[in-house]
Amino acid sequence: MASFTKLWKKSPSTVSIRKEGEEGITREEMQHLWSRCGSCGETIYREDVRGNHYICPRCGCYFRLSARQRLRTVIDKGSFEEWFGLRESVPAGGRARKENPLLFPEYGEKLDAMREKTGLREAIVTGRARIEGLPTAVGVCDSRFLMGSMGTAVGEAVTSLVERAQEERLPVILFCCSGGARMQEGILSLMQMAKTAAALKRHSEAGLLSVTVLTDPTTGGVTASFAMLGDIILAEPGALIGFAGPRVIEQTIHQKLPEGFQRSEFLLEHGFIDWIVKRQDMRRALAEILRFHAESPREEEAGENTPDVADGMTSPVNVETQGDPEIPKLLAGETEASPPTQQAAESENSLQLSAGEDSQFENTAETPELSGKTSSDIQEKPQETEAWEVVQRSRSADRLTSLDYIQEIFEDFMELHGDRYGRDDGAIVGGIARLNGRPVTVIGQQKGRNIRDNKERNFGMPSPEGYRKAVRLMRQAEKFGRPIFCFVDTPGAFCGLEAEENGQGRAIADSLFVMSDLKVPVLSLVIGEGGSGGALAPECFASILWKDSHRAQEAADIMGVAAADVKRLGIVERVIPEPEPACRDNAAFLCAGLRRDFQDFLDRYDGLSGEELAEQRYRRFRKW
């Protein structure tokens, strides 16, 4: 990212000094009119930069924002109530000892100089605000103040913000921009890492939301504490994010770094953040996240609210408080709309549905007849096709994928990314969505439709990172009381060298461990194949048992993998017939019935406590 460079300092020859009675411009006037982009070197009119969300109109480089500028871009005008900007906590030893605990030479004078230059007490501004009418606690780091470094004052401000947000049951949004721990405060600056993390843990255990927004740069002790602890982590494009900066790495261990190392895009690929959000879209994205996690709708929060547009800044696009349909598309990616419904003749193709609780859900098939039939209206019939044909159909590239079902059944889907350990596995997709207006969590195994997509999705075979992402989403769903809907379509877990090195077995075991005791309803829908490597894939079964993979068809008949077979065994509660093989042409037809079934499921299980849900699930597993 770039910073403003004053043109008259770089190119004094271009400045015309006005004499009495002559036209011209003073250096002071030039300073306030023009700047130079530190990235592309172009001379830019300041008003153009302000009107473009402080982004260079020539090269698209993001300028760093002050805390006040940042607030004006995202919060509702006039809604900010500052909490700790001037608060001082002075222990024994007096103010000087508090601000300079190690009595570091000239540190006090440096703090005074920073205060005079920035008008800030410290490197962060905190308080309460509203974003599109939704209340939140917000903290914004300011890189102008000693590079936004975290000393005892910043740590205290973040901790106090989170504590008060917990008292008032508010979500927390933290805009991070920092060089790390403040060197002049030594070990006491490092203690702020533990203090801020502990406060966020308590806030999280109270069932409250935290969102962190990583901007350029976010490094050192801030990255290793509150910056990476958000329930949802956003980042601006191109931001430098890491623990040790590139220069430190290169000079310390002389390691050549890859291109784009530690930038936002690098972190998204490696599973550490959920989204990269453009600055002009940040306000809308934050508002949509807050809506998903609002504890209760409040009528007084509705209405138009616009950010302060001082300094010539253009206002972000207005968004309806009921939810902007473009935000989920913006964050999750555009998907192709399903074609109109096409009713076709019945066939023996079917979906497998598992409620994740007890078999009472089977009774939801008894529903009133609708004027237009859906897949739920078709009576179940015995499976008559060969098992191998079922296997082949389940693997068809034309079948609907998890994302197809998610986009068709739910509203406002926002995909969340990454396992927070090292990678974002494309074979597992998941995030938050709404079912008839209610927030839910959705998780699915995703295959591709062509060679390129299948390579990116690893043919729907999850790696350890995918299972860890699923566990993260399940725990998040339980924290916020969101039901979970799972879409199963995989030949089995990936069994490569890298997967074994990264703990594939442990990752799968952890996912089962966590899911078994979830205190929210869980429904699983098998939309294609539900394999498990050698145990349930017919080819592997034949290779292991008979040492001949060509006997896969024979294996399929013996294994009983068709939907009707697993229904007879009591593994699934219902088999939902398809009027024709599931594809985009009949997606709306199939999903209309599934949407109704999903709502019936929620109506049935909403009355149970978390402990009752977990106990029913345990009893169901104990049957076998």
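These values consider heavy atoms only, across backbone and side chains, with no hydrogens, waters or symmetry-generated copies. The structure displayed is predicted, hence computed values, not measured ones.
Counting only distance, with no hydrogens or angles, the side chain of Glu478 and the backbone of Lys519 share a donor-acceptor pair below 3.5 Å. For the pair Arg468 (side chain) and Gly422 (backbone), a donor-acceptor distance under 3.5 Å is absent. Using modelled atom types, one side-chain atom of Thr219 and one backbone atom of Gly179 make a donor-acceptor pair closer than 3.5 Å. Side-chain N or O atoms of Thr126 include none that pairs as donor or acceptor with a backbone N or O of Gly139 at under 3.5 Å. Between the Ser463 side chain and the Gly466 main chain, no donor and acceptor come within less than 3.5 Å of each other. Side-chain atoms of Tyr62 do not come within 3.5 Å of backbone N or O of Cys56 as any donor-acceptor pair. The backbone N or O of Ile124 lies less than 3.5 Å from no partner atom in the side chain of Asp142, so there is not a single donor-acceptor pair. Judged by distance alone, with hydrogens and angles left aside, the side-chain atoms of Trp275 form a donor-acceptor pair with the main-chain N or O of Glu415 at under 3.5 Å. In this structure, the side chain of Gln504 engages the main chain of Phe494 through a donor-acceptor pair within 3.5 Å.
Nearest approach of Asp424 to Leu268, heavy atoms of both residues: CB-O, 3.7 Å. Contact detail for Arg182 and Ser189: the closest heavy-atom pair is O-OG, 3.3 Å. Taking every heavy atom of both residues into account, Pro439 and Phe292 meet most closely at CG-O, 3.5 Å. Shown here for His203 and Leu209, the closest heavy-atom pair between the two residues is CE1-O, 3.1 Å. In this structure, Cys176 and Thr218 approach most closely via the heavy-atom pair O-OG1, 3.1 Å. Of all non-hydrogen atoms in Arg115 and Leu120, the two that sit nearest each other are CG-O, 3.2 Å.
Under 3.5 Å, the side chains of Tyr107 and Glu185 contain a donor-acceptor pair of N or O atoms. If you check the side chains of Thr196 and Gln192, you find no donor sitting under 3.5 Å from an acceptor. For the residue pair Asn502 and Glu465, a side-chain donor N or O sits within less than 3.5 Å of a side-chain acceptor on the partner. At a cut-off of 3.5 Å, with distance as the only test, no side-chain donor of Arg130 or Ser79 sits close to an acceptor on the other residue.
Taking OG from Ser204 and CG from Leu208, the interatomic distance works out to 8.5 Å, rounded to the nearest 0.5 Å. To the nearest 0.5 Å, atom CD of residue Glu269 and atom OG of residue Ser264 are 13.0 Å apart. Leu200 contributes atom CG, which lies 10.0 Å from atom CD of Gln166 (distance to the nearest 0.5 angstrom). Interatomic distance, Leu65 CG to Phe175 CZ, rounded to the nearest 0.5 Å: 9.5 Å. The line from CZ of Phe226 to CE of Met150 is 5.5 Å long, rounded to the nearest 0.5 Å. Residue Ile273 holds its CD1 atom at 9.5 Å from NE2 of His417, rounded to the nearest 0.5 Å.
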Please walk me through it: do Glu132 and Leu290 pass side chain to side chain contact (heavy atoms under 4.5 Å, CB included)?
CA-CA 9 Å; Glu132 295 188 2; Leu290 291 177; over 6 Å; no
Please lay out, stage by stage, how Lys479 and Asp231 fare under the test salt bridge (Lys or Arg N to Asp or Glu O under 4.0 Å).
CA-CA 10 Å; Lys479 171 182 173 178; Asp231 293 303; 2.8 Å; yes
Check the pair Glu205, Lys201 against side chain to side chain contact (heavy atoms under 4.5 Å, CB included), reporting the backbone distance first and the verdict last.
CA-CA 6 Å; Glu205 289 180 341; Lys201 180 64 162 59; 2.3 Å; yes
Residue pair Asn100, Gln184: steps toward the side chain to side chain contact (heavy atoms under 4.5 Å, CB included) verdict:
CA-CA 8 Å; Asn100 189 2; Gln184 295 92 333; 5.6 Å; no
Take Lys278 and Asp281 through the salt bridge (Lys or Arg N to Asp or Glu O under 4.0 Å) test and state the conclusion after the steps.
CA-CA 5 Å; Lys278 294 178 181 178; Asp281 298 319; 5.7 Å; no
How far apart are the C-alpha atoms of Leu111 and Leu146, what are their side-chain angles, what is the distance that settles it, and do they pass the side chain to side chain contact (heavy atoms under 4.5 Å, CB included) test?
CA-CA 8 Å; Leu111 289 175; Leu146 295 180; 3.9 Å; yes
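For the pair Arg128 and Phe80, the cation-pi test (distance below 6.0 Å, angle within 45°) is failed.
Among residues two or more places apart in sequence or in another chain, the salt bridge (charged side-chain N to carboxylate O under 4.0 Å, His left out) test is passed with Arg482 by none. With sequence neighbours left out, the salt bridge (charged side-chain N to carboxylate O under 4.0 Å, His left out) criterion links Glu456 to Arg452. Residues passing the side-chain contact (heavy atoms from CB on, under 4.5 Å) test with Phe272, sequence neighbours excluded: Met228, Leu267, His270. For Arg420, the side-chain contact (heavy atoms from CB on, under 4.5 Å) partners are Ile233, Asp274, Arg472, not counting sequence neighbours. In this view, Asp510 and Arg506 satisfy the side-chain contact (heavy atoms from CB on, under 4.5 Å) rule, not counting sequence neighbours. Scanning for side-chain contact (heavy atoms from CB on, under 4.5 Å) contacts around Ala244 gives Val248, Ile249, with sequence neighbours left out.
Enclosure of atom CD in Glu116 is not indicated, since only 12 or fewer non-hydrogen atoms of other residues, nucleotides or ligands lie within 6.0 angstrom. More than 12 heavy atoms of other residues, nucleotides or ligands shown are found within 6.0 angstrom of CE on Met114. More than 12 heavy-atom neighbours from other residues, nucleotides or ligands sit within 6.0 angstrom of CZ on Arg438. Atom CZ of Phe104 sits in a crowded spot, with more than 12 heavy atoms from other residues, nucleotides or ligands closer than 6.0 Å. The local environment of CZ in Phe480 is crowded, with over 12 non-hydrogen atoms from other residues, nucleotides or ligands closer than 6.0 Å.
One finds no salt bridge joining Glu250 and Lys256 here, because no Lys/Arg side-chain nitrogen approaches an Asp/Glu carboxylate oxygen to under 4.0 Å. With respect to the salt-bridge test (charged N to carboxylate O, under 4.0 angstrom), the residues Lys469 and Asp425 do not qualify. At a threshold of 4.0 Å, the pair Arg144-Glu122 does not count as salt-bridged, since none of the basic side-chain nitrogens sits closer than that to a carboxylate oxygen. With respect to the salt-bridge test (charged N to carboxylate O, under 4.0 angstrom), the residues Arg164 and Glu167 do not qualify. Ion pair Lys110/Glu106 not flagged as a salt bridge, since none of the NZ, NE, NH1 or NH2 atoms sits closer than 4.0 Å to an Asp/Glu carboxylate oxygen. Classification of Arg263 and Glu236 as a salt-bridged pair fails, no side-chain N sitting under 4.0 Å from a carboxylate O.
Outside the 6.0 Å centre-distance limit, the rings of Tyr54 and Phe63 are not counted as a close aromatic pair.
Here the options are Val211, Ile432, Thr136, Leu134, the test is side chain to side chain contact (heavy atoms under 4.5 Å, CB included), and the partner is His293; only Ile432 passes. The side chain to side chain contact (heavy atoms under 4.5 Å, CB included) test with Val213 singles out one residue from Leu286, Val277, Val74, Ile232, and that residue is Leu286.
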